[in-house]
Amino acid sequence: LRRTLSADPRRSRLFCSKLVVALSVVAIATVLIHLAFFPFYDIAAGRHDQTVPVGEYRDLALAALLSNLVYTTVGASLALITASMAGGGTVALVFVFIFDVVFGAIPEVGDFSFGFALADVVVGIRGTESGFGDFDSGHSTAQAAAILAAWLLGLAGLGWLRLWRSDVK
């Protein structure tokens, strides 16, 4: 980080570059994996006398792409907040599996949790439930996307603020 900021002290540019690289790598990997395994979905479905329509597979891939990009943004933001990759990864797991579950269980405010918002957006993309339990936050896909965007902007903003105010040693 010291060498990077010595060469170009613009921290906002560094923040955006890190986020763009992380999101690009995840997007490319997600698309390539789904393209590589597309034929196997049809083979597996055929073994069970089923078919997987291309539209359904496309919706599944788009939902996976969105989820991967969202979780990458959360992880990168929390890594910047903690100024540590290991710490950011740990805090990201705590955020997703503990904080969000507890926050989601609180009456009235739980419907605005990160997990419910992401699940609502994924259901909006796929057009079907994910199969991980029934929930109804009562939000439309557009409202859920706005809630999700607020969470992501808040976390990314805190990561940027931490980077902007940090002293490089």
Side-chain angles (χ1 to χ4, degrees), residues 1-34 59-126 130 132-133 135-169:
L1 188 62
R2 185 175 12 167
R3 275 190 243 142
T4 303
L5 289 174
S6 296
D8 187 358
R10 294 176 289 189
R11 292 173 191 236
S12 294
R13 184 175 180 184
L14 175 65
F15 173 78
C16 290
S17 297
K18 284 179 173 281
L19 196 55
V20 165
V21 167
L23 292 173
S24 298
V25 167
V26 167
I28 290 168
T30 300
V31 169
L32 290 177
I33 288 169
H34 275 78
D59 294 345
L60 176 70
L62 288 174
L65 178 63
L66 173 76
S67 295
N68 290 348
L69 293 175
V70 164
Y71 285 123
T72 299
T73 304
V74 168
S77 298
L78 291 172
L80 287 170
I81 290 169
T82 61
S84 163
M85 288 301 292
T90 303
V91 172
L93 291 172
V94 169
F95 175 78
V96 171
F97 293 115
I98 297 174
F99 171 76
D100 193 53
V101 171
V102 171
F103 185 76
I106 300 171
E108 301 300 321
V109 296
D111 290 342
F112 296 94
S113 74
F114 169 83
F116 278 161
L118 179 58
D120 284 343
V121 173
V122 166
V123 166
I125 292 171
R126 290 185 61 194
S130 62
F132 292 112
F135 64 90
D136 183 17
S137 67
H139 299 296
S140 68
T141 303
Q143 290 170 325
I147 293 167
L148 186 61
W151 275 102
L152 294 176
L153 287 173
L155 290 171
L158 289 173
W160 173 82
L161 186 63
R162 168 70 172 84
L163 179 66
W164 184 68
R165 290 184 166 208
S166 66
D167 289 329
V168 179
K169 297 176 183 170

S.K.: Quick one: closest heavy-atom pair of L19 and A76, and the distance?
M.R.: CD1-CB, 3.9 Å
S.K.: Got Y71 and V26 here, is their nearest side-chain heavy-atom distance under 4.5 Å?
M.R.: no
S.K.: Looking at every heavy atom in both L80 and K18, which two are closest together, and how far apart are they?
M.R.: CD2-CD, 4.3 Å
S.K.: For G159, does its backbone N or O pair with a side-chain atom of S77 as donor and acceptor, under 3.5 Å?
M.R.: no
S.K.: How about V91 and I81: do any of their side-chain heavy atoms sit closer than 4.5 Å?
M.R.: no
S.K.: Is the shortest side-chain heavy-atom distance between S67 and L118 below 4.5 Å?
M.R.: yes
S.K.: Side chains of V74 and F114: does their closest heavy-atom pair fall under 4.5 Å?
M.R.: yes
S.K.: What are the two closest non-hydrogen atoms of R126 and D59, and how far apart are they?
M.R.: CG-O, 3.9 Å
S.K.: Taking all atoms of both residues into account, what is the closest heavy-atom pair of T141 and G124, and its distance?
M.R.: OG1-CA, 3.5 Å
S.K.: How long is the span from the CG atom in L153 to the CG atom in L148, to the nearest 0.5 Å?
M.R.: 9.5 Å
S.K.: Could you state the interatomic distance from CG (N68) to OG1 (T30), rounded to the nearest 0.5 Å?
M.R.: 4.0 Å
S.K.: Out of the candidates L69, T73, I147, only one should pair with L152 under the side-chain contact (heavy atoms from CB on, under 4.5 Å) rule; please name it.
M.R.: T73
S.K.: Any sub-3.5 Å donor-acceptor pair from W151's side-chain atoms to F112's backbone N or O?
M.R.: yes
S.K.: Compare all side-chain heavy atoms of L65 with those of H34 and state whether any distance is below 4.5 angstrom.
M.R.: no
S.K.: Write down the atom of G87, the atom of T82, and the distance for their closest heavy-atom approach.
M.R.: C-OG1, 3.6 Å
S.K.: Among D100, V101, L93, V94, which residue meets the side-chain contact (heavy atoms from CB on, under 4.5 Å) test with F97?
M.R.: L93
